[in-house]
Protein chains: 2
Amino acid sequence: MTQTTPEELHFQPDDRAMAIRDQLRDAIVEHRLVPGTKLSEAEVGKLFDVSRTVVRAALQSLSFEGLVRAERNRGAFVASPSPEEASQLFEARRQIEAGIARIAAERARHADFIRFDACLEAETRLLQERGPASRRAAIRASGEFHILLAEVAGNAIMQRFMEELIARSSLVIALYGRTGASSCGHNEHGEIVAALRDRDPDRASRLVLVHIDHIEADLDLRGTNGLPLADALNLRAST
Amino acid sequence: MTQTTPEELHFQPDDRAMAIRDQLRDAIVEHRLVPGTKLSEAEVGKLFDVSRTVVRAALQSLSFEGLVRAERNRGAFVASPSPEEASQLFEARRQIEAGIARIAAERARHADFIRFDACLEAETRLLQERGPASRRAAIRASGEFHILLAEVAGNAIMQRFMEELIARSSLVIALYGRTGASSCGHNEHGEIVAALRDRDPDRASRLVLVHIDHIEADLDLRGTNGLPLADALNLRAST
DNA sequence: TTCGATCAGATTGTATGCAATCAAATGGTC
DNA sequence: GACCATTTGATTGCATACAATCTGATCGAA
């Protein structure tokens, strides 16, 4: 009997490649692989004990998601978004996530709020802990709140867009983040959930916009404004 | 001298695969490849005179865009979105395209309006012509208006999202479209451009929403509502 | 006749080998 | 000593061969 994998429903083919893609993406999102890192096909293949063919498929996936930049005859590198890209990323997030919040406020059910509460709880717990491992987990948990929001909205297409935007945001934070784990000072996620509980789409979307503004405000995007050379000195990655 | 291809700036690697991807996408968007059509690696490879390796990369790209559905050990097929997917697609378009219209209204410059006028002119001209070739070109031109809107908004990320949504919309229209070339009765594109000229973001986004509603209203999504069996009888494609 | 298991054909999944290409190192010349 | 052409090493681009898997057909038994 063909029993579909219960983990993800939308990609049966290339199971192996997708597993590697997920592992690489996790490493990128958790800032273990820093922007500019070279992802050699042979090296990745040796690490996962697969041939370059499989690795290529995984890297191509990540390239489509914008997490990896592939250069012809040069190889694949963890993407290092420019400040301009970062701005566009947050502009896109404002547009899309505000709509998601509105829809989620209308559609959220009891089971969803249980998941929200678990997510918030995990966040606060991880923030109280110290150490690099907890920091990474906190970064991931913070992003998962936004993904959960998209999931509750119930639109698979927008959910996929959000997943991509969240992952790329993690890259931007790794590059330009000031405090490390951004946007964690105030309990803004909790306030958003409260707005959802009140079935208040306008307030939910407004709070989301404010929240994204706070995340963006915590970045230092001036670094390479007019000084591309300085960036090249820090990291020799492509602009 | 390494002269980068002037056509598209964001994918140097796998030039050949990307060329094939573009040709296949064009054929899908123009309804020359109907949903459910099998895209055998060997067959496509023979047609383009390349090996399966290149074809696989192209098909994987299209799979990520949602234009092709890949089933493990079975092959790739032109996607046939379910009514549910179609609804989500237009919901996503409403959210994203409304924001794009707002931004475009603020940022559109003189050169952009020249392009808009050319686009509108091409549309009306193709609509007046008869014949299948003109129909296909009209479908394409109608979509290109929306892509141009995203381009003018100046956000590369949202532009890519829009390109995917437009392409998938073409699939939905191919499956569920009633009049064939939908949404072409009234000059709604022209009205949107007029709102942009007036620098009226609210009106522009409102007109875009109405326009998308009209496109969706021209579809017949009842077919498989509660009757997945009927769908299987019409097309044996996967749900 | 109908149902089931086995087998054959075809298609995809994966590994590997060779060719093309690029970046850096080397050597020569001004 | 600086600059430029050449070479070398490594890496990717692509094609092909083999293995795994699925679909449909054939054969046999109830």
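Every chain is numbered from 1 and lettered A, B, ... according to where its sequence line falls, protein lines coming before strand lines.
- Nucleotide D/dG13 holds its P atom 14 Å from the CD atom of B/Gln60, rounded to whole Å.
- Shown for residues 42-56 of chain B: residues whose heavy atoms fall under 4.0 angstrom of DNA chain C, namely B/Arg52, B/Arg56.
- A salt bridge is defined here as a Lys NZ or Arg NE, NH1 or NH2 lying under 4.0 Å from an Asp or Glu carboxylate O, and B/Glu216 with B/Arg93 fails to meet this definition.
- Between A/Asn73 atom CG and C/dC22 atom C1' there is a gap of 6 Å when expressed in whole angstrom units.
- In terms of the side-chain hydrogen bond (donor to acceptor under 3.5 Å, both in side chains) criterion, residue partners of A/Gln60 (sequence neighbours excluded) are, by chain and number, B/Ser61.
- Shown here are the side chain to side chain contact (heavy atoms under 4.5 Å, CB included) partners of A/Glu129, two or more places apart in sequence or in another chain: A/Arg125, A/Leu126, A/Ser134.
- Within the structure, every side-chain polar atom (N or O) of A/Arg16 is placed at least 4.0 Å from both OP1 and OP2 of C/dG13.
- Considering only side-chain atoms of B/Arg74, the nucleotide from C/dT14, D/dC22, D/dG13 that sits closest is D/dC22.
- Taking atom CZ of residue B/Phe77 and atom P of nucleotide C/dT12, one finds them 8 Å apart after rounding to whole Å.
- Computed from coordinates, the A/Arg72 CZ to D/dT11 P distance equals 18 Å when rounded to whole Å.
- In this structure, the CD atom of B/Glu41 is 13 Å from the P atom of D/dA15, given to the nearest Å.
- In this structure, NZ of B/Lys38 is placed 14 Å from P of D/dC22, rounded to the nearest angstrom.
- Taking A/Ala58 as the reference, A/Ile20, A/Arg21 meet the side chain to side chain contact (heavy atoms under 4.5 Å, CB included) condition, with sequence neighbours excluded.
- Checked against ring pair (Phe, Tyr, Trp, His ring centres under 6.0 Å), A/Phe145 has the following partners two or more places apart in sequence or in another chain: A/Phe116, A/His189.
- Listed by chain and residue number, A/Glu30, A/Arg32 satisfy the side chain to side chain contact (heavy atoms under 4.5 Å, CB included) test with A/Arg136 (two or more places apart in sequence, or in another chain).
- Between the C1' atom of D/dT12 and the CZ atom of A/Arg69 lies a distance of 17 Å, rounded to the nearest Å.
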